[in-house]
Amino acid sequence: MSTENHFYNHKKQDPKWQKQWLKDETYKTAQKSTKKKMYVLDMFPYPSGAGLHVGHPRGYIASDVFARMKRMQGYNVLHPMGYDAFGLPAEQYAVKHKVHPRKAVEVNVKTFERQLGSIGLSFDWSRKINTTDPEYYKWTQWIFLKLYDSWYDTKKNKARPIKELIEILSKKKEWKTYTKKEKEDILMGYRLAYQGYSEVNWCPGLGTVLANDEIVDGKSERGGFPVEKKIMRQWFMRITAYADRLLSGLDGLDWPEAIKTIQRNWIGKSEGHEVTFKVVGSIVEDASIVVYTTRLDTLNGVTFMAVSKNHPLAGAYFDQTKEWLDDHTGEKKGILIAGVHAIHPDSKKQIPIYVTNYVLSTYGTGAVMGVPDMDERDYAFAEKYKIEVTKVNFENADIVAKRIKANATSTYKMRDAVFARQRYWGEPIPLRHNADGTITPLKASELPLMLPNVKSYEPTGTGESPLAAIKSWVKEGYETNTMPGWSSSSWYFLRYMDPTNTKAVTSPAAVKMWKQVDVYVGGAEHATGHLLYARFWNKFLYDIGIAVTEEPFKKFRNQGMILGPDNRKMSKSWGNVINPDECIDTYGTDAFRMYEMFIGPFDSSMPWSTESIIGSRRFVDRVWRLHEKILAQSKTVKSTVKVQSLLHKTIKKVTDDIENFNFNTVVSAYMILLNGIEEESISQSDFEAFIVLIAPFAISISEEIWKNFGHTTSVHLAAWPTYNAKKVVEESVTIGIQVNGKLRGEISVTSEEEEKDVIEKALAIIAQHIEGKSVKKTIYVKGKIISVVIA
RNA sequence: GGGCAAGUGGCGGAAUUGGUAUACGCGCUAGUCUUAGGAACUAGUUCUUCACGGAUUGAGGGUUCGAGUCCCUCCUUGCCCACCA
């Protein structure tokens, strides 16, 4: 006899069922339904050339298990997948292999689809989206135009059309006296998408802009070329207008506290005061410095002023401060502005003013009051430049504010987001630059503005996008920057609701039906990027009546990273990358999915163990053998009381744990139940409940067994078992007996027994430990413990 | 420098509101079936001790009948932000 029958043949069953589910449209989402809705979403992947390693599917499997349980509980589940395919890697691939980035994307998407398919994820593939598809980025451009055409009304606390601002402004007399360009410049200061200038780290050697963490000791990390500051034209998103709403919106979200904290810190709201110091000795008449402080109560300790190099008062000192620009030593330096003094509002004393390298021009007012007695950094600076130190007499900030007329204000650390990349492979920004310096946005009917073909995807070396090298593009006056990677991912969750709509971002009916993402799953590394930008765009889309909820993601869970077996981050350079294809080939989809979830708590990082996965495979084989036994057993076999109790406990635990994303304990609960069944006996109907219970994890073996028991519809559409509290109650439980906190014995008690009887029996059991002492106190916690105190 | 997590066997980890710490799995040990083998089966496996017993959740202290869980001090590791006034 071959061993074939006693092992589950995953190589045959996995592909068979995967084909069948596609054919039967088992996981298709109903566009109309009377069922309750459930929108379960994964962060869509960037389809990289390397394909998936075993870390990637962890989140997908978790959300898939969750979606499957919800589907079986009778929800109409929306569980889609797509690709976020614009971005640098595809462009670099194109540069290297001299092919269009679209080609790279096509090939990579194919690899991803095959891998996601072999993991058996229950996506409704008919809703697939790809951000590089013109039918998709048309709407990304459309939203950009809406942002360009909006301003933020701080009184109504929402975005409004720019034409309403023009109406307000045109009531002022001087508005008519402005030129078209001047009017545009004023409006640019209000638009939610606006053009501006920012200082960037420019590396002439690489011909590219670098992020702060790509610079080591003033040189580029890659190549070691010198880096300098350069002012560049950019597009920005006025996310700061939404700072307060982004902050307060966090309170109502079911997100990990750690992620909420990161966002709160990133927004960085602080409450303080703006204090005006009069300035004497300046050539500017009635000059003054406004500082922002959170410690107005220390005002009488102020002995100097520190301003940033960009502060108006520092203007004349620019040449001297220039050398600081490339100073990465972190040493605090200052230059005294000779002959100019600030006047302390209380003492009227003249205090010195320094241009410094440590005051940020982008935070607060770009000027700081120095209180050396109070602040260590101020003290260090005062000591270095021999500045007087005055002892602080703390005074109530509100009283000080009233006396010197300081305004209470809030300040945020968050800055407006740069919304431009000097790259080819991104969405074109749908605007024309006119000869007079004004801008004409494209009409909605002109969208999509298609990305043109170029001869070379190489960076131009001037910092401009390759689009700047296309004559016809430039001749039309089109913007040569493209949108950043986060543009298309900031609204894609709305597109899945109605992915083929040609008339709108998504139809009002679809938004009304799906509202928002109920459960979102993805990596914690997006805390201050995607997760913040998406909230911002969604709030804007809510303001203009497209989204129906202010927040896009009601519940969010983030998966921990899976490390290599050597406890290091998986990467080619360490040679510790584990490929899911090989695991699935050896152990099967079911064992792979179970192990991915069993490996540890969903949100913590853990190393992959090539040895441990065998445990999940053994589970699958044991279930297979057990099903053979049940098929052969008499139909009259009943479950023992213990098995029944265990089954219902497991139903409760599995249901609760999947709901709470405690997947590792779900798998151990399955194993405990299986151990219990193997020791005793189980009826066929109870065993079928067990099969339904494991179906979200072990997707194909459960389907095959379900079929073998004579069912003709999919186990994945079967009703989720419900827990019966009556069946859980066990006749008696064994509890411990403690004497002075130490465990000294145990006793079996029934739920009906009276407390005094139980204690009497317990005292008899531990009599030897009491000998010669008196019992001072006894505590009986029903079903838990008996505690005896002796002295 | 600031903020946030987390420290439990050889390993991954479990432990509802404080209530029998070490579930479940890997590995390991012994045995069974086998010509052989294991990705099979059975039994055992926190440490210490021949045993009775004793000890144990990073270290130390506290609250409590009872602490992995709560409080204080310290140590270690990881993550995020970082000249933020």
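Order of the sequence lines fixes the chain letters, A, B, ..., with proteins taken first and strands second; residue numbering starts at 1 for each chain.
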Which part of the nucleic acid does G364(A) contact within heavy-atom distance under 4.0 Å: base, sugar-phosphate only, or nothing? nothing
Separation of the P atoms in A82(B) and A14(B), to the nearest angstrom: 32 Å
side-chain N/O K742(A) vs A55(B) OP1/OP2, d < 4.0 Å: yes
Between C47(B) and G12(B), how many Å separate the two P atoms, rounded to a whole number? 16 Å
Counting any heavy atom closer than 4.0 Å, what does P601(A) reach on the DNA or RNA strands: base, sugar-phosphate only, or nothing? sugar-phosphate
For K332(A) and C83(B), is the shortest distance between a side-chain N/O and OP1 or OP2 below 4.0 Å? no
Just to confirm, is there a sub-4.0 Å distance from OP1 or OP2 of G78(B) to any side-chain nitrogen or oxygen of N567(A)? no
Against the six-membered ring of Y412(A), is K269(A) placed for a cation-pi contact (under 6.0 Å from the centre, within 45° of the normal)? no
Counting only side-chain nitrogens and oxygens, does R625(A) get under 4.0 Å of the OP1 or OP2 atom of C41(B)? yes
Quick check on C81(B): is either OP1 or OP2 less than 4.0 Å from any side-chain nitrogen or oxygen of R264(A)? no
With C1' as the reference atom in both, quote the distance from G9(B) to C75(B) in angstrom, rounded to an integer. 22 Å
Is any NZ, NE, NH1 or NH2 atom of the basic residue among K260(A) and E257(A) found under 4.0 Å from an Asp or Glu carboxylate oxygen of the other? yes
Just call it for V359(A): base, sugar-phosphate, or nothing, with non-hydrogen atoms closer than 4.0 Å on any strand. base
Consider only side-chain N and O atoms of S270(A) and Y292(A), and report whether a donor and an acceptor are under 3.5 Å apart. yes
To the nearest Å, give me how far apart CD (Q738(A)) and P (U64(B)) are. 16 Å
Considering only C65(B), C83(B), A39(B), which nucleotide approaches the side chain of Y358(A) most closely? C83(B)
For a quick test of reading the model: is some side-chain N or O of R618(A) closer than 4.0 Å to OP1 or OP2 of G27(B)? yes
With a non-hydrogen cut-off below 4.0 angstrom, is N664(A) in contact with a base, only sugar-phosphate, or nothing? sugar-phosphate
Taking the P atom of each, how far is C26(B) from A43(B), in whole Å? 14 Å
Under 3.5 Å, is there an N or O donor on one side and an acceptor on the other linking the side chain of S612(A) and the base of C26(B)? no
Touch check for S609(A), heavy atoms < 4.0 angstrom, all strands: base, sugar-phosphate only, or nothing? nothing
Please state the P separation for the pair U46(B) and G61(B) - nearest whole angstrom. 28 Å
Expressed in whole Å, how much space separates the C1' atoms belonging to C74(B) and G66(B)? 26 Å
On a whole-Å scale, what distance lies between the P atoms belonging to C41(B) and G25(B)? 12 Å
What does E611(A) touch in the nucleic acid at a heavy-atom separation under 4.0 angstrom: a base, only the sugar-phosphate, or nothing? sugar-phosphate
By the rule that syn is within 90° of 0, classify the base conformation of G60(B) as syn or anti. anti
